[in-house]
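Below: one structure, written as structure tokens.
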Number of protein chains: 2
Amino acid sequence: MATIIDIARRAGVSVATVSRTFSHPDKVQAKTRERVNRAVAELGYSPNALARGLRQMRSRTVIVIVPWIQNPFFAGIIQGVENVAHDNGFKVLLGETQERQERLDYYAAMVSSRIADGLILLGSLLPAEISQRLEGGGGQPMPLVLACERFAELTCPHVAIDNERAACEAVHHLIGQGCRRIATVSGPSGNTLSEDRTAGYRRALAEAGLPCPDGYILEGDFSVESGYRMMEAVLKLDPRPDGIFFANDEMAIGGLRAIGKAGLSVPGDFAVIGFDDIRFAEYVTPPLSTIRQPTGEIGETAMRLMLEHLNATPAEVSQVILDHQLVVRESSLRGALPSQAGQADKQ
Amino acid sequence: MATIIDIARRAGVSVATVSRTFSHPDKVQAKTRERVNRAVAELGYSPNALARGLRQMRSRTVIVIVPWIQNPFFAGIIQGVENVAHDNGFKVLLGETQERQERLDYYAAMVSSRIADGLILLGSLLPAEISQRLEGGGGQPMPLVLACERFAELTCPHVAIDNERAACEAVHHLIGQGCRRIATVSGPSGNTLSEDRTAGYRRALAEAGLPCPDGYILEGDFSVESGYRMMEAVLKLDPRPDGIFFANDEMAIGGLRAIGKAGLSVPGDFAVIGFDDIRFAEYVTPPLSTIRQPTGEIGETAMRLMLEHLNATPAEVSQVILDHQLVVRESSLRGALPSQAGQADKQ
DNA sequence: CTATGTAATGTAAACCATTACATAACGTGC
DNA sequence: GCACGTTATGTAATGGTTTACATTACATAG
């Protein structure tokens, strides 16, 4: 494998000139540049990113951490991150934690060992290194941007939608469709995102003067399977709910299946609404009403925050709240006129 | 950020000893080791992976390239790769190409620039560098393992199922359910994987002495949307098919929706079978029959092949074919007895 | 013709870890 | 008391790039 020295020799210049041809072309005479480029092409040279990163003390790489790559919701976010990253000469690596601390720490270690410059976090876990520092440990904080999830104790750049408000709107929509007994399948507790959504659910019920009986809040874990299981539990509730707010689309899809299997119908017996607007939401039966998150924009913003952070733009921690959108499909359409079907803008 | 020199000073030993404490602990006396470890803990040292990689001329990292991270089918494969990788001290990076050459080359460049040691390829694209070399160019071949897809011109380590045979089985299953006019929605042409599956479809029809009229083979692109659109086209066919083989589950899900929208029923009007057994297949209405690929095993095998390749186990290109499984759910169950529902083992 | 400035290029010191080789410490056997 | 082997540790070269600083070439002004 050719090195910069081989190129220098071949082009009859010094290594510094070769290096400059790449990183500061304007500092090199056009015809010298051309000679260098020819040598590069002839020898098939490609700069060693390890050596470069070592010298520059940065790798121009960020790691995006998602709990589950399988969850289609994250795909849009990742795409947003990549767009902005590429435009700024950054590489993007993807890490899946499966919500296991050990796996997250493994990726966090890649920042400590300089493989990546920073971490964009999408799950509900925090690197052990960070948690420890919060409890008074010292040490260099690693560049961190939070997307979606927030952590009460930690102030750092953050982008998300207003989950509580969005959940509240979703539930109000069910109420508007005539539902009077509305249950929810929440995400795992201890997760601010779940808690915000559940809070929105409670607020909507309170605002409408509707009760929230014991047992109407069921805890899932954001997986299709848990949605299915929790829906089975909902079917046994007395009085039986007539509307269900699932804290994400995956669980809602599991729920739809459980309802179908029980021989009941949506939206006839239950109006159902999810959250996220994943790609499959439109294709299940009946098509799923949901809250659309601006995934691309979330990702783009997250990466932009990371760039600011890395360029040491002094402290000033940005926190961005983006708009969401209520998407009404058949799963929640009861008394309403047919013309109201399809997508409706928020508010 | 502390370096190995700081640790050496703090522990009162040489840098060599510190280095050995990490990589060859048995070569260091227990109490020295302990002193080093204490220094490491006190200073929060983490070895610079760039310097290490530079020196060792390898990064112990592989990149897994998928066309679309959104496709749930790839998740299992990635997980398999990661399991074996971690067990062997390798890091895994994920790249999404969106089936664009430019993006693939971007990741391939990371191998040339030594950020990663090799590429595990899951799409139908080949890095430009490789294609060129196939056409007679010279240069060092980059370590490459193909999963799922194969390339006629290229011999390199490869793992997949027998797509033709699996597709053939799927179609025979439809025939066994009484279907006599079976259409298929294939993947994009020019893709060996699509072509193998279509070949399997043709073979099954031929074996059963059934016709394959013009227009019964529709070309999709593996997306839900294309499944929906192609199914709309199928609905207009005359004579109308009574069974459909979709070349993947995503398209099948789109197809189910189109059928539902047209007021027709599955499996009554159409028996439907997909391919892959993605996570959502079980939860659509009706649950989707399909061919299950052993995703975890594919991933594990791919990574194992990569390790062999990297350890320069001389040439000998391994090609592994794994077993698939026919999974029968409601979408294809017509005349059969109810007891046959659920999963059935292959053959 | 000299002084001064500018542009293009070169030299060599970083960056941080690994590792071949050298050295030191210590024990064993004679 | 010496030769030798074994084990633990140290010294310094090495990997490939970037970049501060030094040098050179050349033009312009005085």
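Chain letters run A, B, ... following the sequence lines, proteins first and then strands; every chain starts at 1.
Side-chain atoms of B:I120 and B:L122, non-hydrogen and from C-beta on, do get closer than 4.5 Å to each other. Between A:F73 and A:T295, the closest side-chain pair of non-hydrogen atoms falls below 4.5 Å. Annotation: side chain of B:V36 is not in contact with side chain of B:Y45 (no heavy-atom distance under 4.5 Å). Two residues are said to be in side-chain contact when any heavy atoms from C-beta on lie closer than 4.5 Å; B:I115 and A:K91 meet this criterion. A heavy-atom distance below 4.5 Å is not found between the side chains of B:R38 and B:R10. Taking 4.5 Å as the limit, some side-chain heavy atom of B:Y106 sits within range of a side-chain heavy atom of A:H86. Within the 4.5 Å cutoff, no side-chain heavy atoms of A:N71 are placed close to those of A:S223.
Nucleotide C:dT11 holds its P atom 14 Å from the CD1 atom of A:I4, rounded to whole Å. Going from atom CZ of A:R55 over to atom P of C:dA17 covers 16 Å, rounded to whole Å. As rounded to whole Å, 15 Å separates atom P of C:dC16 from atom CZ of B:F22. Atoms CD (A:Q56) and C1' (C:dA14) sit 13 Å apart, rounded to a whole Å. Atom-to-atom, NE2 of B:H24 to P of C:dA17 comes out at 15 Å; the value is rounded to the nearest Å.
Annotation: the terminal axes of the helix from C:dC1-D:dG30 to C:dC30-D:dG1 meet at 60°, where each axis is the rotation carrying the C1' atoms of four end pairs onto the next four (5 pairs per end, rounded to 10°).
In this structure a side-chain-to-backbone donor-acceptor pair under 3.5 Å is missing from B:R20 to B:P25.
Counting any heavy atom pair closer than 4.0 Å across all strands shown, B:R20 reaches a base atom. Nucleic acid contact for B:V18: none, since no nucleic acid atom lies under 4.0 Å from a heavy atom of the residue. Across all strands, A:T32 comes closer than 4.0 Å only to sugar-phosphate atoms, never to a base (heavy-atom distances).
Side-chain contact of A:Q101 with A:D105: a donor-acceptor pair under 3.5 Å is present, judged by distance alone.
Boundaries of the chain A contact region on DNA chain D are D:dG16 to D:dT19, first to last in 5' to 3' order (nucleotide atom under 4.0 Å from a heavy atom).
Comparing B:Q29 and B:M57 by the nucleotide of DNA chain D that holds the closest heavy atom to each, the one mapping nearer the 5' end is B:Q29.
Crowding of A:I5 atom CD1: a count of heavy atoms from other residues, nucleotides or ligands under 6.0 Å not exceeding 12.
Across residues 45-53 of chain A, not one residue has a non-hydrogen atom less than 4.0 Å from an atom of DNA chain C.
Note that CD of A:E42 and CG of A:D6 are 12.5 Å apart. Values are rounded to the nearest 0.5 Å.
Proximity of A:T17 to the phosphate of C:dA8: no side-chain N or O atom is located under 4.0 Å from OP1 or OP2.
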